[in-house]
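Everything below concerns the one structure shown next.
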Amino acid sequence: MRPRPLIAVLALTALTACATGPSLEKQGSVTAPPGDSKHLTIGSAGFTESDLLAQMYALLLDKAGYGTKILSVTNREIYEPALESGQIDVVPEYAATFADWLSAKAHGADAKPVGSPDLKRTMTALRALAAPRGLTVLDPGRAVDQNAFAVAASYAREHQLKTLSDLGAAKLPVRLAAGDECVQRPYCEPGLKKTYGIDVTAVDPKGVGTTQAKQAVQSGQDQMVLTTTTDATLDAFGLVLLADDKHLQNADYIVPVVNRSRAGSAGVTGALGRLNTVLTTADLASLNEQVDSWRRLPEDVARAYLKSKKLI
């Protein structure tokens, strides 16, 4: 994995600690024409998938004639204010998660979630929250990284399971490997019981998609694991995803978010929109695997992918 630029991250932390951009009442970027700076900073949240997306954004913008640099910042509490203030111009985000995060920032930690399994409704809420902060949310593509549940392939074959509805109908006792917060989160144990009628007998607190959690399902200690739709390691553990056929999970489609006053132009929108026509959830899982399992550099994987799709 590409080393993080620590000096740049520390500098950004110091700046955002004392200035997080203009207040909502004073942000001229809400009504000003979209900006078209030719030198753009792309933010990455510092994990593999975000690094890959940032690299692809940079390559597409480079192709369109922009100068780019990538800044790795692992904390949304830091990079989102930096996006508002123009220290970062573009960042890959997740529609429902970012909508809920902005809602909590605007209305307090107890704000009602606005992200939902409905992509259109989620995007409407997200854009309404982003616009007063001088942010523009570009269109989502086909790739989605949302919570997902996997079982052993042998277990799925034995009980003829393809969907979470199948598992509920089978009335099998299920011990679930997940984070300890799963017992309260509506998309996890409560949702599995209410939406699908799955008999979750216990939550084994081994984390979300961790090696330990997947090994527990592989060995039969647990029957199901909470992971994500872009988890590229499932085959290695003999696991398969069960389809969320009743749409319990929120619409965490990947969306570019830009600072409107610096990167809200048609040029930026068009360059980044080219990725929407090709990148799928399965593609993203494969790219993650190349970095995490094959130890390839994110920039090399991103470049090879875009070349294979004739985008650069």
**Prompt:** CD1/Ile312 to CZ/Arg274 distance, rounded to the nearest 0.5 angstrom?
**Reply:** 9.5 Å

**Prompt:** How far apart are the closest heavy atoms of Gly43 and Ala54, and which atoms are they?
**Reply:** O-CB, 4.0 Å

**Message:** If we count only N and O atoms by modelled type, under 3.5 Å, do the side chains of Glu93 and Tyr79 hold a donor and an acceptor together?
**Reply:** yes

**Request:** Kindly indicate, with the supporting measurements, whether the criterion salt bridge (charged side-chain N to carboxylate O under 4.0 Å, His left out) is fulfilled by Glu189 and Arg185.
**Result:** CA-CA 7 Å; Glu189 180 184 355; Arg185 295 285 174 86; over 6 Å; no

**Prompt:** Looking at CG of Asn147 and CG of Asp231, how far apart are the two atoms once the value is rounded to the nearest 0.5 Å?
**Reply:** 11.5 Å

**Prompt:** What pair of heavy atoms forms the shortest contact from Lys63 to Leu311, and how long is it?
**Reply:** CG-O, 4.1 Å

**Request:** Flag the pair Leu135 / Glu80 as yes when at least one side-chain heavy-atom distance between them is below 4.5 Å, and no otherwise.
**Result:** yes

**Prompt:** Leu52 and Ile254: same hydrophobic cluster, using ILVMFWY side-chain contacts below 4.5 Å?
**Reply:** yes

**Asked** Around Lys38, counting heavy atoms of other residues, nucleotides and ligands shown, do more than 12 lie under 6.0 Å from its NZ?
**Response** yes

**Request:** State the CD-CG distance between Gln55 and Leu306, to the nearest 0.5 angstrom.
**Result:** 10.0 Å

**Message:** Quick one, Asn288 with Thr48, criterion side-chain hydrogen bond (donor to acceptor under 3.5 Å, both in side chains). Give me CA distance, side-chain angles, the key distance, then yes/no.
**Reply:** CA-CA 6 Å; Asn288 286 337; Thr48 295; 5.7 Å; no

**Message:** When you compare the side chain of Glu49 with that of Thr228, does any pair of heavy atoms fall below 4.5 Å?
**Reply:** no

**Request:** Test side chain to side chain contact (heavy atoms under 4.5 Å, CB included) on Leu167 and Tyr196 and set out the steps.
**Result:** CA-CA 8 Å; Leu167 182 57; Tyr196 288 107; over 6 Å; no

**Request:** Determine, stepwise, if the pair Leu61 / Leu272 fulfils side chain to side chain contact (heavy atoms under 4.5 Å, CB included).
**Result:** CA-CA 7 Å; Leu61 289 167; Leu272 297 180; 4.0 Å; yes

**Request:** Identify whether Leu241 and Leu239 are in the same connected component of the hydrophobic contact network (ILVMFWY, side-chain heavy atoms under 4.5 Å).
**Result:** yes

**Asked** Can you hop from Leu164 to Leu226 via hydrophobic side chains spaced under 4.5 Å?
**Response** yes

**Asked** If we only count heavy atoms from C-beta on, is the Gln223 to Asp199 side-chain gap below 4.5 Å?
**Response** no

**Message:** Quick one: does any side-chain atom of Arg127 pair with a main-chain N or O of Val137 as donor and acceptor, under 3.5 Å?
**Reply:** yes

**Prompt:** Atom OG in Ser154, atom NE2 in His159: separation rounded to 0.5 Å?
**Reply:** 9.0 Å

**Min side-chain heavy-atom separation Phe98-Leu126 under 4.5 Å** = yes

**Message:** Given 3.5 Å as the limit, does a donor-acceptor pair link the side chain of Tyr155 with the main chain of Leu161, or not?
**Reply:** no

**Prompt:** Rounded to the nearest 0.5 Å, how far does CZ of Phe237 lie from OG1 of Thr227?
**Reply:** 10.0 Å

**Asked** Roughly how far, to the nearest 0.5 Å, is CG of Leu102 from CG of Leu129?
**Response** 5.5 Å

**Request:** For Asp89 and Thr41, indicate whether the former's side chain and the latter's backbone hold a donor-acceptor pair under 3.5 Å.
**Result:** yes

**Item:** Side-chain touch Leu279/Leu53, heavy atoms, less than 4.5 angstrom
**Value:** yes

**Prompt:** Do Val225 and Tyr187 belong together in a cluster built from hydrophobic side chains that touch within less than 4.5 Å?
**Reply:** no

**Donor-acceptor contact present, side-chain Asp145 to main-chain Tyr94, <3.5 Å** = no

**Asked** Do Val174 and Leu234 share a hydrophobic cluster (ILVMFWY, side-chain heavy atoms under 4.5 Å, transitive)?
**Response** no

**Prompt:** Step by step, would you call Val200 with Cys182 a side chain to side chain contact (heavy atoms under 4.5 Å, CB included)?
**Reply:** CA-CA 11 Å; Val200 180; Cys182 176; over 6 Å; no

**Request:** Sort out for me which residue in Leu119, Asp100, Val144 forms a side chain to side chain contact (heavy atoms under 4.5 Å, CB included) with Asn250.
**Result:** Asp100

**Request:** Please examine the side chains of Phe149 and Ile198, heavy atoms only from C-beta on, and report whether any two atoms are closer than 4.5 Å.
**Result:** no

**Item:** Any donor-acceptor pair under 3.5 Å from Ser293 side chain to Gln290 backbone
**Value:** no

**Message:** Donor-acceptor pair, distance only, cut-off 3.5 Å: does the side chain of Thr210 make one with the backbone of Ala213?
**Reply:** yes

**Asked** Where the side chain of Ser265 meets the backbone of Asp36, is there a donor-acceptor pair that is under 3.5 Å apart?
**Response** no

**Where Asp222 and Lys206 come nearest, the two heavy atoms and their spacing** = OD2-CD, 4.5 Å

**Request:** Look only at the side chain of Arg262 and the backbone of His39, and say whether a donor-acceptor pair between them is shorter than 3.5 Å.
**Result:** yes

**Item:** Where Thr136 and Arg260 come nearest, the two heavy atoms and their spacing
**Value:** OG1-CB, 3.5 Å

**Prompt:** Do Glu299 and Arg303 sit within salt-bridge range, that is, some charged N less than 4.0 Å from a carboxylate O?
**Reply:** no

**Prompt:** Does the side chain of Tyr57 reach to within under 4.5 Å of the side chain of Leu275, using non-hydrogen atoms?
**Reply:** yes

**Request:** Could you give me the CA-CA distance, side-chain angles and deciding distance for Asn276 and Leu138, then say whether side chain to side chain contact (heavy atoms under 4.5 Å, CB included) is met?
**Result:** CA-CA 10 Å; Asn276 290 354; Leu138 305 187; over 6 Å; no

**Prompt:** Donor-acceptor pair, Thr280 side chain versus Asp283 backbone, under 3.5 Å?
**Reply:** yes

**Message:** Looking at every heavy atom in both Gly46 and Thr74, which two are closest together, and how far apart are they?
**Reply:** CA-CG2, 4.1 Å

**Asked** Does Leu284 offer a backbone N or O that forms a donor-acceptor pair with the side chain of Tyr305 under 3.5 Å?
**Response** no

**Item:** Short side-chain donor-acceptor distance under 3.5 Å, Ser85 and Gln87
**Value:** yes

**Any side-chain heavy-atom pair of Pro34 and Val258 under 4.5 Å** = no

**Prompt:** Does a donor on one side chain and an acceptor on the other come within less than 3.5 Å for Tyr253 and Asp139?
**Reply:** no

**Complete:** For Ala156 and Val240 the tightest heavy-atom approach is CB-CG2, 4.0 Å

